Amino acid sequence: MTLKIAIPNKGRLSARSAELLSKAGLDIGEDWGRKLYIDVKGRDIEVLLVRAQDIPEFVRSGAIDIGITGLDQVEESGYGLENILSLDYGHCRLSLAVPDGSGIKSTEDVKEGSRIATSFPNVTKRYFDSIGKKVKIVTISGAAEIMPYLGVSDCIVDLVSTGSTLKMNRLREAAVLFESQAAVVTTEKALAEKKEPIMEVADAIRSVIDAEGRKYLMANVPVDRMAEVEKFLPGIGGPTVLNISGIKDFVAVHVVVADSHLYDAINDLRKIGATGILTLSMDRLVE
Ligand code: AMP
């Protein structure tokens, strides 16, 4: 049974999604950007390139087994898809933004009957229903920021990451309705039918993310200083210690270190007389 994976064909999430698949070992080729679908070489897997907004519908209907898209799109769809892996990119928030001089500080201050322009009508409606406030939702498909200026709406609900677009349009973020990032999503039905291949893909992607931001560190350490090394280089389940042929007073230590800790780790190793210190990037890390 072929496993079908959908990733965004363009836009903010596209390049990183394709990069994760290829680093995970699924060969989608160099020219993936010009294709609509790709047969992954040597595997019973198809990758489909579609719009991020359409992915929840394709996954819900079963046309696709797993999809990578923004959780904002999943939330808007209301399909209750299963998030099996959050991917830590495409971070943004779906926020209520109001004109600078409006005096609105939170959703409490939004007047009954206010017009809210958004391309996320479902999330917006659910939110205002949940706080018991009746508002008029104006559904648009883009450029929400211009709507208050045009007089089409009083405020907007839109995606924000840095807030600079809001500022340029004299809008201010008044409340966050939803925090989003990219994720791997599927359905219970797909999991029931294809659990093994689905989890293999998710685990492979996780191993890529886990390997990023860490390095493989090797060093020759004086045997009598090993107790100190174990303290400052805990590694995954402790460092691997190997004998060096023909040398008695040194051992080779191999350990995985977070990038943020690498500078100190190398300085500490040098202080205790370690030699041959070498760091390597890793492609994947399966713990
Ligand atoms: P696209 O419109 O194809 O570039 O991608 C839209 C998706 O990118 C959204 O659904 C979000 O999940 C994600 N995203 C991340 N940051 C932003 C942002 N500042 N504005 C819009 N979408 C964002």
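What's counted below: heavy atoms across the whole structure, side chains too, no hydrogens, waters or symmetry copies. Because the structure is a prediction, the values reported are computed rather than measured. Whatever order the structure lists them in is the order used to number ligands and atoms, beginning at 1.
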Q: In terms of atom number and element, which parts of ligand 1 are under 4.0 angstrom from non-hydrogen atoms of Gly70?
A: 12 (O)
Q: Which residue and atom name correspond to the protein heavy atom nearest atom 22 (N) of ligand 1, and how close is it?
A: Leu159 CD1, 3.3 Å
Q: Please verify whether a non-hydrogen atom of His91 lies at under 4.0 Å from ligand 1.
A: yes
Q: So which heavy atom in the protein is nearest atom 16 (N) of ligand 1, and how far is it from that ligand atom?
A: Cys92 CB, 3.4 Å
Q: What protein heavy atom lies closest to atom 5 (O) of ligand 1? Include the residue and the distance to one decimal.
A: Arg12 N, 4.1 Å
Q: Does Gly90 reach ligand 1, in the sense of a heavy atom lying below 4.0 Å from it?
A: yes
Q: Please check if the number of heavy atoms outside Arg115 that lie under 6.0 Å from its CZ is greater than 12.
A: yes
Q: Should we count NZ of Lys105 as having more than 12 external heavy atoms under 6.0 Å?
A: no
Q: Heavy-atom pairs closer than 4.0 Å: do any link ligand 1 to the side chain of Leu13, the backbone, both, or neither?
A: side chain
Q: Once rounded to the nearest 0.5 Å, what's the spacing between atom CD1 of Ile7 and atom CG of Leu13?
A: 10.0 Å
Q: Would you indicate whether Tyr79, at its atom OH, is surrounded by more than 12 heavy atoms from other residues, nucleotides or ligands within a distance under 6.0 Å?
A: yes
Q: If only atom types and distance count, is the side chain of Asn169 paired as donor or acceptor with the main-chain N or O of Thr165 below 3.5 Å?
A: yes
Q: For atom 9 (C) of ligand 1, grab the closest protein heavy atom and report residue, atom and distance to one decimal in Å.
A: Asp72 OD2, 3.2 Å
Q: Tell me the protein heavy atom at minimum distance from atom 6 (C) of ligand 1, and give that distance in Å.
A: Gln73 NE2, 4.8 Å
Q: For the pair His261 (side chain) and Leu233 (backbone), establish whether a donor and an acceptor sit closer than 3.5 Å, ignoring hydrogens and angles.
A: no
Q: Considering only non-hydrogen protein atoms, determine which one is nearest to atom 2 (O) of ligand 1 and report residue, atom name and distance to 0.1 Å.
A: Gln53 NE2, 4.3 Å
Q: Between Ser161 and ligand 1, find which residue part has any heavy-atom pair under 4.0 Å and reply side chain, backbone, both or neither.
A: both
Q: Apply the side-chain hydrogen bond (donor to acceptor under 3.5 Å, both in side chains) test between Ser95 and each candidate in Arg172, Glu173, Glu179; give the one that qualifies.
A: Glu173
Q: Around atom NZ of Lys125, are there more than 12 heavy atoms of other residues, nucleotides or ligands at under 6.0 Å?
A: no
Q: Which of the numbered atoms in ligand 1 are under 4.0 angstrom from any heavy atom belonging to Lys10?
A: 3 (O)
